[in-house]
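Data first, discussion second: the structure below is written as structure tokens.
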Amino acid sequence: MGGGTVNRKLFSLIDVKESVKGMFAVEENSRGNIEAVTIDSREAAENSLFIPLPGLKTDGHNYVKSALLNGASAVFLEKKRFKQLEADIAPLAKKKKASLILVDNVLTALQSLGKSYLGRFNSLVKIGITGSSGKTTTKEMLASVLSVHHSTAANVKNLNSEIGVPLTAFRVHEGHEYAVFEMGTNHPGEMAVLADIVRPHYGIITNIGKTHLEFFGSEEAVAREKADIFRYFTGSEAAFLNKGEPLLSLLKENIRGRVILYGTEATAGFEGYENHGLNGLTIHWEGLRICLSLYGQYNILNALAAISAAFHLGISGEDIKEGLESVRPLFGRSQILHGGITILLDCYNSNPDSARSAVEFLEKTEWKGRKIAVLGSMFELGKLSESEHSKLIDFTIGKRLDAVIFFGEEFLHGFELAGNRTTDKNRFYIATEDFDELKNTLKKYLREGDLVLLKASRGVELERLVPFIKEI
Ligand code: ADP
């Protein structure tokens, strides 16, 4: 997998300028080559292009000077910012023999550059993966399977956004046969941009859930957005869709290309599976026993998506088995941390669907000791936030768990509404928005032999509890 960008020509500087329809404000060494593209001035080095993106807290334009001092060979600047920065930056660029390229918009320029770079690899087979959950896992699975015998590029971790996808494009090099792109969207219109950059030959949608509803309004709108991954299909491409997806018919509308359904009812050769709880899953497919170290029943569907795609790409059953068996959980996604108290760390993300799956998983897992769920806030639900947090409380109360702690102010109202259902002499329920109270409660309650699920949206940073729980 992979394909670093070290000492490998990506473009000549002239190519860069032309791909983004830019203009030299300072032209130095324009016959030189660019070997790396970075958005972090600390990574800027000789033969690198620094792209100063606007951020939430700061603007990359404030770091142009440091990128030049670190040796960047070229820097993009937004035209409208140039006048203000010229006196400070132009002499330094000349002195350091670096070029300054003016563009209308730095993000669009990064995307155009990624698209034009990727467009050069005519024989590269590109697979795009999107969905509300399971993208990273499915990407890791498919990339691992393809990598057994083929040189394969893929996103690092989950760099799947309008920035991460073009940056992933630069990881591709001549030797690669496949590139697997995880493509995420949290704003309407974003997927169309990503699909234009990647132009996938194969597109996979894992599922449609209640994610980023704040920006999309409804699950149907989420589905339409995700289906844009197929927007640039021309007839010879293929779409992989989960047969059990409730919004399947909407996803299938207007696809110019083949539609291949996958899933427990659809994947040819699927003969069933065994769920070994925390010890993973065994899939029976085409007479093979594929042992996944990932746990959680939902991973069956992720694996079937990867199996279906790999099978259609002509990958052998042995390679599929070997690739799937070598996948390990990534940080915060269904990770198990063993110890006196065992932690299920699923704090990378949360939404109403994945939180329910996690609660169900905890309930069904065979475990000698007590089971405790710490459920933190689910962000970006917009108007539905309060009701979705209440529904999660209703869903969880009464489940065979010893204790549930709802953490975050979004839960407080729903918890109050749940009234006397939250008082049960065999179970312990509490809701709090105070991190210290959460810690104190855990300190009092937890003991050796417990199994604790930590599930919340990324911003809650529930992993903060890990060192604390380990010390109990
Ligand atoms: P994404 O990259 O789309 O955020 P991941 O593969 O990182 O998804 O998985 C994140 C979490 O989402 C998992 O730990 C699990 O809780 C949940 N999840 C993963 N796949 C699925 C699925 N197919 N259906 C429901 N929930 C899932």
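Indexing begins at 1, ligand by ligand and atom by atom, following the structure's order.
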What residue and atom, counting heavy atoms only, is the protein's closest point to atom 4 (O) of ligand 1, and at what distance? Lys135 NZ, 4.1 Å
May I ask you to identify, for Asp353, whether its side chain, its backbone, both or neither come under 4.0 Å of ligand 1 on a heavy-atom basis? neither
In terms of the angle between their ring planes, are Phe361 and Tyr295 parallel, tilted or perpendicular, with boundaries placed at 30° and 60°? parallel
Does any N or O atom in Thr136 lie less than 3.5 angstrom from one in ligand 1, N or O only? yes
side-chain contact (heavy atoms from CB on, under 4.5 Å), paired with Thr365, selected from Asn275, Leu451, Leu344: Leu451
Non-hydrogen atoms of Ser132 versus ligand 1: any pair closer than 4.0 Å? yes
Atom 18 (N) of ligand 1: nearest protein contact (heavy atom, Å): Tyr298 CD1, 3.6 Å
For the residue pair Lys226 and Thr185, establish whether any side-chain heavy-atom pair is separated by less than 4.5 Å. yes
Where ligand 1 meets Asn207 - atom numbers and elements under 4.0 angstrom, heavy-atom basis: 22 (C), 23 (N), 24 (N)
Any salt bridge between Glu463 and Arg458, counting N to O under 4.0 Å? yes
Inspect the surroundings of CZ in Phe270 and state if more than 12 heavy atoms from other residues, nucleotides or ligands are less than 6.0 Å away. yes
What are the atoms of ligand 1, with element, lying closer than 4.0 Å to any heavy atom of Lys455? 16 (O)
If the plane angle is over 60° it's perpendicular, under 30° parallel, otherwise tilted; pick one for Phe428 and Tyr445. parallel
Close side-chain approach of Leu292 and Tyr273, heavy atoms under 4.5 Å: no
For atom 10 (C) of ligand 1, the closest protein heavy atom turns out to be Arg333 CG, 4.2 Å
Hey, which atoms in ligand 1 end up nearer than 4.0 Å to a heavy atom of Ser334? 13 (C), 14 (O)
Would you say the side-chain atoms of Lys321 pair up with the backbone N or O of Arg289, donor to acceptor, closer than 3.5 Å? yes
Please report whether ligand 1 has a polar contact with Asn302, defined as an N or O pair separated by less than 3.5 Å (distance criterion only). yes
Should you measure from each heavy atom of Asp346, which atoms of ligand 1 turn up under 4.0 Å away? 13 (C), 14 (O), 15 (C), 16 (O)
When distances are taken from atom 17 (C) of ligand 1, the protein heavy atom at minimum range is Ser354 CB, 3.7 Å
Where the side chain of Glu245 meets the backbone of Asn242, is there a donor-acceptor pair that is under 3.5 Å apart? no
To the nearest 0.1 Å, how far is atom 27 (C) of ligand 1 from its closest protein heavy atom, and which atom is that? Ser133 OG, 3.4 Å
With Lys455, which of Ser357, Cys347, Ser350 fulfils side-chain contact (heavy atoms from CB on, under 4.5 Å)? Ser350
Shortest non-hydrogen pair, Ile260 vs Ala238, comes out as CD1-CB, 4.0 Å
Please report whether ligand 1 has a polar contact with Gly134, defined as an N or O pair separated by less than 3.5 Å (distance criterion only). yes
Counting each atom of ligand 1 from 1 as listed, which ones have a heavy atom of Glu182 under 4.0 Å away? 2 (O)
Within the structure, is a non-hydrogen atom of Glu140 found at a distance of less than 4.0 Å from ligand 1? no
Under a 4.0 angstrom heavy-atom cut-off, which atoms of ligand 1 come close to Thr137? 5 (P), 6 (O), 9 (O)
